[in-house]
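Worksheet for the structure shown next.
For the numbers below, each heavy atom of this structure counts, side chains included, while hydrogens, waters and symmetry mates do not. Being a predicted model, the structure only gives us computed values, none of them experimental.
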Amino acid sequence: MNYFKTGLLLAGLTALFMGVGYLIGGQLGMLIALGFAVATNAFAWWNSDKAMLRMHGAQPVTRASIPEVFQMVQELSRNADLPMPKIYLINEAQPNAFATGRNPENAAVAVTAGLLRSLSPDEVRGVIAHELAHIKNHDTLIMTIAATIGGAISMLAQFGLFFGGGNRERGALSGIGMIAAVLLAPLAAMMIQMLISRTREYSADRMGAEIARDPMGLANALRKIAGGAQVREMASAESNPATAHMFIVNPLTGRGTDNLFSTHPDVNNRIEALMKMAGSPQMSGPQVRASSVPNIRRNR
């Protein structure tokens, strides 16, 4: 079903590419946009995870560089019955994290330096488990492709405006087309965020709590991350807003409301669901365990 949804998303975005191309350059522009869309779709399928990591300046984490995090991901991957993903660190003060990759065998989890500094080990454990749940559910494929193509749509519209394209034979309609294309770019990114079902976050929260066997660790982490996102701007996310839906909490400042166009469910609703889960018989007693990792500090 996730691959089917991905196909529908790609088809819809290809049609949007062609529509923007037509508004900018008529039939020739539509054909050029179609070729560009095909190339972008192929790139997104095979390389969008690498592009996502580059956009945010993520650097690889090894057992030697941050052994506590490496061990934590290793343990949680076993809990989730997943191959161990690659681990990356983003040098941003805002606490946040995301997962990417077209399948579990080619997946990566990226965390910010702010997340490791401001969260306790159990809270970091909950966040990583949430991201592993996205990988296990194959959410990362559609989320990463959406991020890549969303940025490409904006680039295409800006390209048309910069070069002043358009079909001169259509006169004023050409100028209107270029203006419409530029206005469509942010709307297209918004549409992508809406197409990525926000119920995926609730599902990943629940599965992540099961993987970590500690709903309250994730609940407390969400509370801290949401607070940090409001006061600490993430420069790489502000520069690439089409990637906002990839993060565990919306990294864009001032956009945390739970409305029609939000990329994420309201954090308070997510925390409430996790607290109910923590009180359930399935999550009580010996199943809820603390992390075996005593402290998280980056080796210098």
Side-chain angles (χ1 to χ4, degrees), residues 52-53 55-58 69 88-100 109-131 133-134 139 143 146-147 150-151 154 186-187 189-190 192-194 196-206 208-209 212 214-278 296 298:
M52 176 74 181
L53 293 166
M55 286 179 192
H56 295 279
V69 172
Y88 287 83
L89 181 70
I90 302 170
N91 188 25
E92 291 276 3
Q94 182 188 115
N96 226 314
F98 67 82
T100 184
V109 172
V111 299
T112 65
L115 184 119
L116 300 185
R117 283 197 295 264
S118 58
L119 270 62
S120 72
D122 284 341
E123 291 163 354
V124 175
R125 186 183 181 87
V127 170
I128 292 174
H130 170 99
E131 299 306 334
H134 277 309
D139 292 342
M143 293 165 72
S154 298
L187 292 177
M190 188 179 298
I192 293 168
Q193 294 167 352
M194 293 169 64
I196 305 300
S197 173
R198 290 186 291 166
T199 59
R200 289 172 183 267
E201 293 301 327
Y202 285 115
S203 176
D205 284 345
R206 182 171 187 83
D214 182 11
M216 289 310 300
L218 178 55
N220 292 332
L222 289 174
R223 186 178 291 109
K224 287 185 179 180
I225 294 171
Q230 293 177 358
V231 298
R232 296 186 183 93
E233 182 177 289
M234 183 183 294
S236 62
E238 298 291 343
S239 300
N240 301 281
T243 67
H245 63 279
M246 297 288 295
F247 289 83
I248 187 170
V249 170
N250 192 337
L252 305 179
T253 54
R255 296 180 60 184
T257 56
D258 188 12
N259 56 40
L260 179 63
F261 302 112
S262 177
T263 61
H264 293 70
D266 181 70
V267 170
N268 290 325
N269 293 342
R270 294 169 67 183
I271 292 172
E272 182 179 356
L274 287 165
M275 291 178 68
K276 290 179 180 178
M277 188 178 177
I296 298 176
R298 186 179 180 186

Would L116 and V69 count as a side-chain contact (heavy atoms from CB on, under 4.5 Å) here? Give the steps. CA-CA 9 Å; L116 300 185; V69 172; 3.9 Å; yes
Yes or no on side-chain contact (heavy atoms from CB on, under 4.5 Å) for V249 and E201, after CA distance, side-chain angles and deciding distance? CA-CA 9 Å; V249 170; E201 293 301 327; over 6 Å; no
Enumerate the salt bridge (Lys or Arg N to Asp or Glu O under 4.0 Å) contacts for residues 216-228, please, sequence neighbours excluded, ordered by first and then second residue.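 Every pair satisfying salt bridge (Lys or Arg N to Asp or Glu O under 4.0 Å) with a residue in residues 216-228: E123-K224.
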Might you point out which heavy atoms bring [X] and [Y] nearest each other, and give the distance in Å?
X    : Y    : value
F98  : M52  : CE1-CG, 3.7 Å
A212 : G126 : CB-CA, 4.5 Å
A97  : V111 : CB-CG1, 3.9 Å
Y202 : D266 : OH-O, 4.4 Å
A129 : G208 : CB-O, 3.2 Å
L89  : A113 : CD1-N, 3.7 Å

Nearest 0.5 Å, what's the [atom1]-[atom2] distance between [X] and [Y]?
X    : Y    : atom1 : atom2 : result
T100 : H134 : OG1   : NE2   : 11.5 Å
N91  : T112 : CG    : OG1   : 9.5 Å
M55  : I90  : CE    : CD1   : 12.0 Å
M275 : L218 : CE    : CG    : 12.5 Å
Q94  : E238 : CD    : CD    : 8.0 Å
L252 : N240 : CG    : CG    : 10.0 Å

A219: what forms a side chain to side chain contact (heavy atoms under 4.5 Å, CB included) with it, not counting sequence neighbours? M216, I271, L274
Partners meeting side chain to side chain contact (heavy atoms under 4.5 Å, CB included) with S236 (sequence neighbours left out):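 Once residues adjacent in sequence are excluded, the partners of S236 under the side chain to side chain contact (heavy atoms under 4.5 Å, CB included) criterion are H56, E92, M234.
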For N96 and I225, what are the C-alpha separation, side-chain angles and deciding distance, and is it a side-chain contact (heavy atoms from CB on, under 4.5 Å)? CA-CA 6 Å; N96 226 314; I225 294 171; 4.2 Å; yes
Taking the side chain as every heavy atom from C-beta outward, state whether V124 and I128 have any pair of such atoms under 4.5 Å apart.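 They are in side-chain contact.
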Report yes if some heavy atom in the side chain of V127 is under 4.5 Å from a heavy atom in the side chain of L115; otherwise report no. yes
side-chain contact (heavy atoms from CB on, under 4.5 Å) evaluation trace for R270 with H130: CA-CA 12 Å; R270 294 169 67 183; H130 170 99; 3.4 Å; yes
